[in-house]
Novice: 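First the structure, which I've put down as structure tokens, then a few questions once you've had a look.
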There are 2 protein chains.
Amino acid sequence: MTNSYTMINPLVKQMQAAGHRMTPQRQAVLEILTTSDAHPTVDQIYERVRVDFPMTSRATVYKTISLAKEMGVVMELEFGKGSNRYDGKRPYPHTHVICTKCKQVMDADDLEITELKEQVIRKTGYWIVNHRVDFFGICPDCQKVSTHN
Amino acid sequence: MTNSYTMINPLVKQMQAAGHRMTPQRQAVLEILTTSDAHPTVDQIYERVRVDFPMTSRATVYKTISLAKEMGVVMELEFGKGSNRYDGKRPYPHTHVICTKCKQVMDADDLEITELKEQVIRKTGYWIVNHRVDFFGICPDCQKVSTHN
DNA sequence: TTACGTGCAAAGCATTTGCCTCCCT
DNA sequence: AGGGAGGCAAATGCTTTGCACGTAA
């Protein structure tokens, strides 16, 4: 992640083109969302924004994320009990692998689920428009630390 | 779903064997959890229990579900924003198909995800212990009602 | 009998909303 | 200048918790 928000982020233009004003807070939130691979939580985004803009409120972070969601440029990953995470780098359905120990959320978006999806359509008659595929386990790093869970 | 809770539910015995007391409220909650295919919400369970036992509180429903989760006999399906659903009939990971219109949650547990899982293990080096596979779309019934969403 | 379970109400927490002020355009 | 955006605090909604009373075993 960069230390300044001076990069011209395509989302900034996109948001302005959609008739929304640009502010340092918004720019910072968008920058974090689009440059992070770690699927940050709201609080992680909030803390990071406040490094550069200490006056920023949680409400603004929530509102900006909400706006980005509406524009379809950020995907929300709900993990229940207020541990939602956000992805502005790949805001489309893709497979995730989550370490239950260190809470890392890793992309595995090169996995092919087309066949599975076609099975679902064939067997259920649904129109499928979205999917959520998550695998939970222990990442290689955490395996090294302990073999007991 | 039956109208009385007189059936001898294996979970009742199991819970007693684990050293927990049995009460009408617990028996009712367990009966609903294990006989329903509809993946009920806490509130649906609560309302159903109160048909027969109107004095039952939400707290007791939550506590009983929590106990059942700890025993591994009920699986929690988190759908974010307090719309959790519960499955005591198939309390193990399996594929779901969800209608975004009528909110029906359907099982598709005959789908084979082994190959996908092996791909994940091969590509990430994780130990995979669990998974969550959900497809979202429009069910056949809702397709008939309207073709516009 | 007595520790466990229940019901009630209060507390928790992440998120949303209302409202007033400020400032981007 | 005017309306969108931000900040603060209150409200929300689901879930959890504390506590006193009741009850299963």
Side-chain angles (χ1 to χ4, degrees), chain A residues 5 11-33 39-50 52-71 74-86 103, chain B residues 5 8-9 11-31 33 39-47 49-50 52-71 74-86 103:
Chain A
Y5 302 105
L11 278 198
V12 170
K13 286 183 184 173
Q14 190 174 339
M15 199 166 262
Q16 286 175 317
H20 301 291
R21 291 183 188 164
M22 196 41 54
T23 63
Q25 293 94 324
R26 283 191 172 173
Q27 199 168 335
V29 171
L30 292 179
E31 185 69 22
I32 292 164
L33 282 170
H39 309 79
T41 64
V42 168
D43 248 46
Q44 287 166 342
I45 296 166
Y46 172 70
E47 294 299 348
R48 180 62 190 80
V49 171
R50 284 176 72 94
D52 297 314
F53 304 100
M55 75 299 298
T56 307
S57 70
R58 272 192 178 76
T60 295
V61 176
Y62 275 109
K63 284 169 185 168
T64 303
I65 292 173
S66 182
L67 187 57
K69 275 195 291 178
E70 279 168 34
M71 294 178 63
V74 158
M75 181 175 60
E76 185 176 57
L77 291 174
E78 303 186 344
F79 281 108
K81 315 259 153 44
S83 50
N84 290 356
R85 286 164 168 264
Y86 296 89
K103 310 300 178 192
Chain B
Y5 303 105
I8 290 151
N9 190 313
L11 279 198
V12 170
K13 288 183 183 173
Q14 190 173 339
M15 201 167 261
Q16 285 175 318
H20 302 291
R21 293 182 187 165
M22 195 42 54
T23 64
Q25 293 91 327
R26 281 190 173 173
Q27 199 168 335
V29 170
L30 292 179
E31 185 67 23
L33 282 170
H39 309 80
T41 63
V42 169
D43 249 46
Q44 287 166 344
I45 295 166
Y46 172 70
E47 295 298 350
V49 171
R50 283 175 74 94
D52 296 315
F53 305 100
M55 75 298 300
T56 308
S57 69
R58 273 192 177 77
T60 294
V61 175
Y62 275 109
K63 284 168 185 167
T64 303
I65 292 173
S66 183
L67 186 57
K69 275 195 292 177
E70 278 167 35
M71 294 178 63
V74 158
M75 182 175 60
E76 185 176 58
L77 291 174
E78 304 187 351
F79 281 109
K81 315 258 154 45
S83 50
N84 290 356
R85 286 164 167 264
Y86 297 88
K103 311 300 179 194

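All chains are named by letter (A, B, ...) in the order of the sequence lines, taking the proteins before the strands, and each is independently numbered beginning at 1. Hydrogens, waters and symmetry mates play no part in the numbers below; they use all other heavy atoms, side chains included.
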Novice: Under 3.5 Å, which donor-acceptor pairs link side chains of residues 53-66 of chain A to any protein atom two or more places apart or in another chain?
Specialist:
{"from": "Thr56(A)", "atom 1": "OG1", "to": "Phe53(A)", "atom 2": "O", "distance (Å)": "2.8"}
{"from": "Ser57(A)", "atom 1": "OG", "to": "Thr60(A)", "atom 2": "N", "distance (Å)": "3.3"}
{"from": "Ser57(A)", "atom 1": "OG", "to": "Thr60(A)", "atom 2": "OG1", "distance (Å)": "3.3"}
{"from": "Arg58(A)", "atom 1": "NE", "to": "Asp43(A)", "atom 2": "OD1", "distance (Å)": "3.1"}
{"from": "Arg58(A)", "atom 1": "NH2", "to": "Asp43(A)", "atom 2": "OD1", "distance (Å)": "3.2"}
{"from": "Arg58(A)", "atom 1": "NH2", "to": "Asp43(A)", "atom 2": "OD2", "distance (Å)": "3.2"}
{"from": "Thr64(A)", "atom 1": "OG1", "to": "Thr60(A)", "atom 2": "O", "distance (Å)": "2.8"}

Novice: Taking side chain to side chain contact (heavy atoms under 4.5 Å, CB included) as the test, write out the residues that go with Glu76(B), two or more places apart.
Specialist: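 For Glu76(B) the side chain to side chain contact (heavy atoms under 4.5 Å, CB included) partners, ignoring immediate neighbours, are Lys81(A), Lys69(B), Glu78(B), Asn84(B), Tyr86(B).
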
Novice: Among residues at least two apart in sequence or on other chains, which ones pass side chain to side chain donor-acceptor pair (under 3.5 Å) with Arg21(B)?
Specialist: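 For Arg21(B), no residue satisfies side chain to side chain donor-acceptor pair (under 3.5 Å) once neighbours in sequence are set aside.
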
Novice: Can you measure from CE (Met22(B)) to CG (Asn9(B)) and round to the nearest 0.5 angstrom?
Specialist: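 So the CE of Met22(B) and the CG of Asn9(B) are separated by 8.5 Å.
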
Novice: Compare all side-chain heavy atoms of Gln25(B) with those of Val29(B) and state whether any distance is below 4.5 angstrom.
Specialist: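 The answer is no, as the side chains (C-beta and beyond) never meet within the 4.5 Å cut-off.
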
Novice: Output yes when at least one side-chain N/O atom of Thr60(B) is less than 4.0 Å from OP1 or OP2 of dG5(C), else no.
Specialist: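 Negative; the distance criterion is not met.
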
Novice: For DNA chain D, what are the stems built from at least three Watson-Crick or G-U pairs in a row, each pair having both distances below 3.5 Å?
Specialist: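 Consecutive-pair runs (3 or more) involving DNA chain D: C:1-25 with D:1-25.
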
Novice: Nearest 0.5 Å please: distance from the CE atom of Met15(A) over to the CG atom of Leu30(A).
Specialist: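 Between atom CE of Met15(A) and atom CG of Leu30(A) there are 4.5 Å.
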
Novice: Can you tell me the distance, in whole Å, between the CG atom of Asp43(A) and the C1' atom of dT15(C)?
Specialist: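 Checked: the CG to C1' distance equals 11 Å.
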
Novice: Over how many whole Å does the gap from Leu30(B) atom CG to dG5(C) atom P extend?
Specialist: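 Between P of dG5(C) and CG of Leu30(B): 12 Å.
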
Novice: Kindly say if Asn84(A) contacts the phosphate of dA14(C), meaning a side-chain N or O under 4.0 Å from OP1 or OP2.
Specialist: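 The answer is no; no side-chain N or O of Asn84(A) sits under 4.0 Å from OP1 or OP2.
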
Novice: So which heavy atom on Thr41(B) is nearest to which on Gln44(B), and how close?
Specialist: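 So the minimum-distance heavy-atom pair works out to N-OE1, 2.8 Å.
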
Novice: Could you give the start and end, 5' to 3', of the contact zone on DNA chain D for chain A, using atoms under 4.0 Å from its heavy atoms?
Specialist: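 Nucleotide range with atoms under 4.0 Å of chain A: dG2(D) to dC8(D).
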
Novice: Could you pull out the closest heavy-atom pair between Arg85(A) and Lys103(A), with the gap in Å?
Specialist: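 Looking at all heavy atoms of both residues, the shortest contact is NH2-O, 3.1 Å.
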
Novice: Rounded to the Å, how far apart are Met55(B) CE and dA9(C) C1'?
Specialist: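 In whole Å, dA9(C) C1' lies 19 Å from Met55(B) CE.
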
Novice: Let me see the working for Met71(B) and Leu11(B) under side-chain contact (heavy atoms from CB on, under 4.5 Å), right down to the final yes or no.
Specialist: CA-CA 10 Å; Met71(B) 294 178 63; Leu11(B) 279 198; over 6 Å; no

Novice: For every nucleotide of nucleotides 16-25 of chain C, 5' to 3': is a protein heavy atom under 4.0 Å from its base (B), only from its sugar-phosphate (S), or from neither (-)?
Specialist: BBB-----BS

Novice: Taking any heavy-atom pair under 4.0 Å as a contact, classify Ser83(A): base, sugar-phosphate, or nothing.
Specialist: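 Since no nucleic acid heavy atom lies under 4.0 Å of Ser83(A), the category is nothing.
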
